Amino acid sequence: MEKMESREQMRKLPIGIQSFQKLREENFIYVDKTKFIAELQENSGNIYFLSRPRRFGKSLFLSSLKSYFEGKKELFGGLYISTVEDEWLQYPVFHFDFNGKNYAEKDALKKVLNEHLERFERKYGKDTSSADVDLRFGAVIRSAFEKTGRKVVVLVDEYDKPLLENDGAQKEANRALFKGFFGNLKACDEYLKFVFITGVTKFSKVSIFSDLNQLQDISMDRRYSEICGITFDEMVSTFEPEIADLASENSLSKDECLKKLEKMYDGYHFSKDSKGIYNPFSILNTFASREFNSYWFETGTPSFLIKKLRSSGMDYRDFSNGVTADFLSLKDYRDDNPDPIPLFYQTGYLTIKDYDREFDIYTLKYPNDEVKISFLKSLAPYIFHKENEPRWLDIGHFGRDIKEGNLDSVMQRFSSLFASLPYTSINEKNKNAVIEQNFQNVIYIVFTLLGKWSRVEEHSALGRADCVLETDDKVYIFEFKRDSNVEEAFRQIKEKKYAEPYMASGKKIVEVAVNFSSEERNIKEWRSLQRAL
């Protein structure tokens, strides 16, 4: 009963709140990002583009810009910008929101644009000389300027949603419509005070914004790397009661709780020198439920990412060890680009982990465990051709067997996985390659997903299937061999001194040697050996 009352007294967490006005008027917790409004105003540009992953706070930031330019001073009391802003002028604001719509139908985008324009035209007047949305947009911008005597602010939220959700002719039609529509921003430059466009990706090579020579892409600008998301300092200063409740609910100390939050939800970097950024959607949901789960990933199925990865031919296992890209490629998304890395970076499934200044090379990896584990769980059915069997890989049973030290059951589960793989398409020419790939895929997927419950050390040499898995009281050192024998596996464990780093841990060390047979396409033999401390 006490816990029930405690939950009712919890502070209001802004989960799914995208209206800045609602957030402030209804006393939701707010991580102050208004210093970035001031900085954008101080800089020379007036047309900005920001790319961030979905559910990262883009819509809320855009809404705060809307309230600011509408002069709603009362909403900003106690926030940074209230200490530096004196005028609080009111400008005409055109806010385009492309969220929450289905753009699969032929004229869906045109209908949405028309709905927005009609709202603006009712307020500022309509030019009846044309029904074309392109011309109407330009006309209502000029009309708003003439009626108010002030320049216009244009805010565009998730512009790329009508493009990412379509393929083929429909995407091309939407792209052409957007090109003409946004072309008005250049033609109406003298009437514009400020323009801010957000999206997940920037279609930089497809000419949507090609006419906007003054467009500033701040997506990788270190000055704005914290404009969305939550830093560690922001989290601990803003959510101290929620962190304490989360730690208590999960029987963790404060430090243990913070480390788990970091492992699950931190790790995003949007410039080469930025601090780590926490996923705000996942952090807020974790505080609300007091459970560590995969919240951000569950809000959308990355089917277009899986399709892109499969068509590229890139080995998904490279993502764990790090892939490289230069600055220009990270900002480049094209439909015909065979490289999936820019899309994975822009959508948040990879992030910057290192930067080589001498050669201008970025290293990218999964940002955190939430993304890594959840993405691999979604990818696994496609890798093993099990798309129509959603429960075929129950990794939880693997985890329980490992915790209980039931290696017989672990090996039976591996055998079942190997036996279930499709080999009907194998011919003699590609037989060994397919068997080797399937063998490595099973080992990699299972042990990576086991990292949700146990500490898993991955090795950079993907062809070597050894793995160290650490639980509360045991350290398992697995060595998988193909067409060899368990004695060879044990010899390698000993010669490479895999157990040495764990000898002082006080935990039981269990060496597990496994031999996989290509002819039988399954485990031929395995044996375990507990090393004396």
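Numbering starts at 1 and runs along the sequence shown. What you see is a predicted model; the values in this text were computed from it and never measured.
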Note to self: Tell me whether Arg52 forms a cation-pi arrangement with Phe270, defined as NZ or CZ under 6.0 Å from the six-membered ring centre and within 45 degrees of its axis.
What the structure shows: yes
Notebook entry, point to check: If you draw the axis of the six-membered ring of Phe344, does the NZ or CZ of Lys308 fall within 45° of it and under 6.0 Å from the ring centre?
Noted result: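 The answer is no, since Lys308 fails at least one limit relative to Phe344.
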Can you name the one residue among [options] that meets ring-ring contact (aromatic ring centres under 6.0 Å, His included) with [X]?
{"X": "Phe196", "options": "Phe36, Phe61, Phe49", "result": "Phe61"}
{"X": "His116", "options": "Phe137, Phe96, Phe181", "result": "Phe96"}
{"X": "Trp296", "options": "Phe56, Phe281, Tyr349", "result": "Tyr349"}

Check: Lys106: what forms a salt bridge (Lys or Arg N to Asp or Glu O under 4.0 Å) with it, not counting sequence neighbours?
Finding: none
Note to self: Taking salt bridge (Lys or Arg N to Asp or Glu O under 4.0 Å) as the definition, give me every residue that meets it alongside Glu358, ordered by chain and number, with sequence neighbours left out.
What the structure shows: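 Per chain and number, Glu358 pairs via salt bridge (Lys or Arg N to Asp or Glu O under 4.0 Å) with no residue.
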Donor-acceptor side-chain pairing of [X] and [Y] below 3.5 angstrom:
{"X": "Asn27", "Y": "Arg11", "value": "no"}
{"X": "Ser274", "Y": "Ser225", "value": "no"}
{"X": "Asn99", "Y": "Asp157", "value": "yes"}
{"X": "Ser320", "Y": "Tyr444", "value": "yes"}
{"X": "Ser219", "Y": "Asp217", "value": "yes"}
{"X": "Ser271", "Y": "Tyr355", "value": "no"}

Between [Y] and [X], is the closest basic N to carboxylate O distance under 4.0 Å?
{"X": "Lys33", "Y": "Glu234", "result": "yes"}
{"X": "Arg290", "Y": "Asp245", "result": "yes"}
{"X": "Arg119", "Y": "Glu115", "result": "no"}
{"X": "Lys58", "Y": "Glu158", "result": "yes"}
{"X": "Asp369", "Y": "Lys263", "result": "yes"}

Next item on the list: Decide if atom CD of Glu39 counts as having more than 12 heavy atoms of other residues, nucleotides or ligands within a radius under 6.0 Å.
Entry: yes
Margin query: Keeping Arg24 on the side-chain end and Gly77 on the backbone end, is there a donor-acceptor pair under 3.5 Å?
Written below: yes
Check: Any donor and acceptor pair, going by atom type alone, linking the side chain of Lys147 with main-chain N or O of Lys123 inside 3.5 Å?
Finding: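 Yes.
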Check: Are Tyr268 and Tyr345 close enough that their ring centers fall under 6.0 Å?
Finding: no
Find out whether [X] and [Y] are in side-chain contact, i.e. whether some heavy atom of one side chain is under 4.5 Å from a heavy atom of the other.
{"X": "Phe239", "Y": "Leu13", "result": "yes"}
{"X": "Phe182", "Y": "Val156", "result": "yes"}
{"X": "Phe98", "Y": "Leu113", "result": "yes"}
{"X": "Ile283", "Y": "Met235", "result": "yes"}
{"X": "Lys193", "Y": "Phe69", "result": "yes"}
{"X": "Lys101", "Y": "Tyr103", "result": "yes"}
{"X": "Tyr366", "Y": "Thr351", "result": "no"}

Check: Do any pairs count as a side-chain hydrogen bond (donor to acceptor under 3.5 Å, both in side chains) and have a residue in residues 277-288, sequence neighbours left out, and if so which ones?
Finding: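 Residue pairs with at least one partner in residues 277-288: Tyr265-Thr286, Ser282-Glu370.
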Next item on the list: Classify the ring geometry between Tyr124 and Phe94 as parallel (under 30°), tilted (30 to 60°) or perpendicular (over 60°).
Entry: tilted
Check: Out of curiosity, Asp360 CG to Leu328 CG, how far, rounded to the nearest 0.5 Å?
Finding: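 Answer rounded to 0.5 Å: 8.0 Å.
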Check: When rounded to the nearest 0.5 angstrom, what is the spacing between OG in Ser19 and CZ in Phe28?
Finding: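 These two atoms lie 10.0 Å from each other.
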Notebook entry, point to check: If every non-hydrogen atom of Lys353 is compared with every non-hydrogen atom of Pro367, which pair is closest and at what distance?
Noted result: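 So the minimum-distance heavy-atom pair works out to NZ-O, 3.1 Å.
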